[in-house]
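Order of the sequence lines fixes the chain letters, A, B, ..., with proteins taken first and strands second; residue numbering starts at 1 for each chain.
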Number of protein chains: 2
Amino acid sequence: MRALVIEDDVDLREQICTRLRQEGYAVDETGEGEEGMFYAKEYPIDIAIIDLGLPGPTGLDIIAEVREAGLDYPILILTARSRWQDKVEGLEAGADDYVVKPFQPEELSARIQALLRRSRGWAQPRLESGDIIVDTTRQEVFVGDQSIDLTAYEYRVLEYLMLHAGEVISKTALTEHIYEENAERDSNVIEVFVRRLRSKLDPDGTRKPIETLRGRGYRLSRDGRNRRPADASSS
Amino acid sequence: MRALVIEDDVDLREQICTRLRQEGYAVDETGEGEEGMFYAKEYPIDIAIIDLGLPGPTGLDIIAEVREAGLDYPILILTARSRWQDKVEGLEAGADDYVVKPFQPEELSARIQALLRRSRGWAQPRLESGDIIVDTTRQEVFVGDQSIDLTAYEYRVLEYLMLHAGEVISKTALTEHIYEENAERDSNVIEVFVRRLRSKLDPDGTRKPIETLRGRGYRLSRDGRNRRPADASSS
DNA sequence: CTATCGCTTAAGGACGCGTTAAGGGCCCGC
DNA sequence: GCGGGCCCTTAACGCGTCCTTAAGCGATAG
């Protein structure tokens with residue numbers, strides 16, 4: 001899960017980013033509008049937290065352009081209490097939620113999780129596929145009744161695959177959503193993580209939850225098991 | 001599906017091409033206008049992605065000449081944000097859509113898919129013929145309710161035949177739309193792929209979805225509803 | 001009947017992926 | 001501050017899949 005934080009107050013930004021990283025997000029950050037615009041449109045972001053009171057291109061500009069470009073990831077805006085009226089414009093520009101500064105860190109986390117949940121169309125913060133269960137709020141993973149210990153990156157890979165269960169996810173897509181910045185990992189990290197995941201999720205090698213599609217990527221089987229696509233919709 | 005990418009920024013071009021190849025396209029690429037002009041007019045391109053800010057013959061020139069030559073494959077233009085006004089000229093010259101740099105890779109892919117879909121006159125990204133179903137977005141193939149695993153090239157052949165169901169497709173046409181560059185395969189690759197396709201799509205040999213027209217090529221039977229846009233391109 | 005074209009099969013080789021092990025960084029406890 | 005352990009990362013190697021080619025056979029048209 002890759003988050004973008006655009007906030008010019010360095011202290012506040014650090015605070016937010018540290019917390020998000022602790023919670024398992026890959027975080028891109030900037031305090032500058034122009035750079036923020038670039039990240040917002042160029043990087044494969046899953047959620048953005050944008051301060052409205054920016055120098056350069058304002059937060060509103062960024063939101064508007066992102067939406068105009070057809071990107072639909074959730075955007076949460078931050079606004080100073082003194083200018084809380086701005087939130088209206090922000091929401092009109094295409095933001096999904098807002099938080100008024102100052103705020104409790106927990107509050108922000110909760111809103112972010114809610115937005116992500118909503119954007120996926122999941123009512124519950126729990127992902128299931130076969131006998132694999134992922135609790136995204138507590139970042140716990142179960143296989144059947146058995147609790148499984150995953151490392152940070154193992155979890156990120158699994159969560160992303162579970163969120164896109166049934167779809168073919170390329171290794172570069174995984175890399176992009178799991179690492180920050182342009183961190184081009186020209187190695188086989190993903191293969192290694194997938195292997196560890198497989199051996200932890202399915203030590204016997206009987207259920208094969210993650211299949212490989214040579215040259216294309218990986219696919220985590222949805223419980224329905226390769227159903228016929230009942231027509232595509234909702235990007 | 002054969003794509004042409006004309007973009008002088010080498011990094012960006014590589015990024016685009018890598019992604020397209022991963023998504024199953026045969027990709028011709030160049031950063032030079034003159035060469036781009038040649039490819040655009042001589043190769044059997046299915047879709048072109050052209051940067052407007054080129055050295056030599058500009059992107060506009062290429063588009064204009066391509067259209068003047070009577071080729072009607074979809075063209076998507078790339079334009080820097082600072083010069084977004086150029087898009088108007090581009091569209092007037094005959095381009096079909098535009099993306100402003102910087103952009104998110106997913107965004108470009110989505111636009112390309114949309115253009116291809118539109119150019120074929122298909123509302124849905126799903127091709128059907130008899131009991132064969134091809135989901136072009138996920139590159140999945142079903143025969144009846146059964147999911148069929150195809151290799152990369154098997155899929156390319158099938159997709160092309162399905163897109164032109166009912167038409168007689170020569171082996172050289174298949175070769176040209178499936179491979180990049182001038183890669184003249186003077187062998188019987190196509191015959192081999194067709195055989196593998198036949199045995200996977202129709203193991204019993206009863207339905208005969210792909211028929212051979214000796215000396216002319218192959219034809220995938222289209223049953224019933226299946227409209228084709230009036231198409232006069234693709235040498 | 002023969003020449004040409006297509007079908008079938010098998011084998012070679014290239015390449016992607018799996019697998020393993022080892023190095024190094026970071027954090028935590030002592 | 002120091003040591004140890006966990007985990008990320010990389011690299012090497014082996015294996016399997018898939019692409020490609022070629023050769024032999026069958027079919028078809030002239």
Asks: Among C:dC7, D:dT10, D:dT21, which nucleotide has an atom closest to any side-chain atom of B:Val189?
Replies: D:dT21
Asks: Provide, to the nearest angstrom, the distance between the CG atom belonging to B:Leu197 and the C1' atom belonging to D:dC18.
Replies: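 B:Leu197 atom CG is separated from D:dC18 atom C1' by 14 Å.
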Asks: To the nearest Å, how far apart are A:Asp149 CG and D:dC8 P?
Replies: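 From A:Asp149 CG to D:dC8 P: 12 Å.
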Asks: Could you run through nucleotides 23-30 of chain D and give me one letter per nucleotide, 5' to 3': B if any protein heavy atom sits under 4.0 Å from the base, S if only the sugar-phosphate is that close, - if neither?
Replies: B---BB--
Asks: Indicate whether OP1 or OP2 belonging to C:dG18 is found under 4.0 Å from a side-chain N or O atom of A:Arg195.
Replies: no
Asks: Does B:Ser221 offer a backbone N or O that forms a donor-acceptor pair with the side chain of B:Ser129 under 3.5 Å?
Replies: yes
Asks: Between the base of D:dT17 and the side chain of B:Arg196, is one N or O donor paired with an acceptor at under 3.5 angstrom?
Replies: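 Looking at the base of D:dT17, it does not pair with any donor or acceptor on the side chain of B:Arg196 (distance under 3.5 Å).
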Asks: Decide whether a cation-pi geometry holds between A:Arg2 and A:Tyr25; the criteria are a distance under 6.0 Å from NZ or CZ to the six-membered ring centre and an angle within 45° of the ring axis.
Replies: no
Asks: Expressed as a whole number of angstroms, how long is the span from B:Phe193:CZ to C:dT8:C1'?
Replies: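 After rounding, the gap between these two atoms is 15 Å.
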Asks: Take atom CZ of B:Arg198 and atom P of C:dG6, then tell me their distance rounded to the nearest Å.
Replies: 11 Å
Asks: May I have the distance from B:Arg219 (atom CZ) to C:dG6 (atom P), rounded to whole angstrom?
Replies: 15 Å
Asks: Hey, are B:Glu107 and B:Arg111 close enough for a salt bridge, meaning a charged N less than 4.0 Å from a carboxylate O?
Replies: yes
Asks: How long is the line joining CD1 of A:Ile190 and C1' of C:dG18, in whole Å?
Replies: 15 Å
Asks: Give the rounded distance in Å between these two atoms: CZ of B:Arg156 and C1' of D:dC19.
Replies: 12 Å
Asks: Going by side chain to side chain donor-acceptor pair (under 3.5 Å), name the residues that satisfy it together with B:Ser170, two or more places apart in sequence or in a different chain.
Replies: B:Thr172
Asks: Please confirm whether the shortest side-chain N or O distance from B:Lys171 to OP1 or OP2 of C:dC5 is below 4.0 Å.
Replies: no
Asks: May I ask you to verify if any side-chain N or O of B:Tyr179 is less than 4.0 angstrom from the OP1 or OP2 atom of D:dT20?
Replies: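 It does, given that an N or O in the side chain of B:Tyr179 lies less than 4.0 Å from OP1 or OP2 of D:dT20.
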Asks: What's the closest nucleotide to the side chain of A:Thr212 if the choices are D:dT20, C:dG18, D:dC8?
Replies: C:dG18
Asks: Choosing from D:dT20, D:dT10, D:dC8, which nucleotide comes nearest the side chain of A:Thr151?
Replies: D:dC8
Asks: D:dA22, OP1 or OP2 - any side-chain N/O from B:Ser187 closer than 4.0 Å?
Replies: no
Asks: Nearest whole angstrom, please: distance from the P of C:dC17 to the CG of A:Leu213.
Replies: 10 Å
Asks: Could you tell me whether A:Arg126 and A:Asp135 have a side-chain N and a carboxylate O separated by less than 4.0 Å?
Replies: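 A:Asp135 and A:Arg126: not salt-bridged.
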Asks: Is A:Tyr218 near enough to C:dG16 that one of its side-chain N or O atoms lies under 4.0 angstrom from OP1 or OP2?
Replies: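 So the side chain of A:Tyr218 is outside the cut-off, no N or O lying under 4.0 Å from OP1 or OP2 of C:dG16.
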Asks: At less than 4.0 Å, is any side-chain N or O atom of A:Tyr155 found next to OP1 or OP2 of D:dC8? Yes or no.
Replies: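 False: A:Tyr155 side-chain N/O out of range (4.0 Å or more) of D:dC8 OP1/OP2.
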Asks: Quick one: salt bridge (Lys or Arg N to Asp or Glu O under 4.0 Å) pairs with a partner in residues 12-24 of chain A, sequence neighbours left out?
Replies: A:Arg13-A:Glu29, A:Arg19-A:Glu23, A:Arg21-A:Glu29, A:Arg21-A:Glu180
Asks: Is the distance from OP1 or OP2 of C:dG16 to the nearest side-chain N or O of A:Arg216 less than 4.0 Å?
Replies: no
Asks: Need to verify one output field. Residue with the more 5' nearest nucleotide on DNA chain D, B:Lys200 or B:Val192?
Replies: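 By nearest-heavy-atom nucleotide position, the 5'-most residue is B:Lys200.
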Asks: Is B:Asp202 salt-bridged to B:Lys208, going by a charged N under 4.0 Å from an acidic O?
Replies: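 Judged by the 4.0 Å cut-off on N to carboxylate O distance, B:Asp202 and B:Lys208 do not form a salt bridge.
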Asks: Closer than 4.0 angstrom, basic N to acidic O: yes or no for A:Glu42 and B:Lys101?
Replies: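 Result for this pair is no, no salt bridge flagged.
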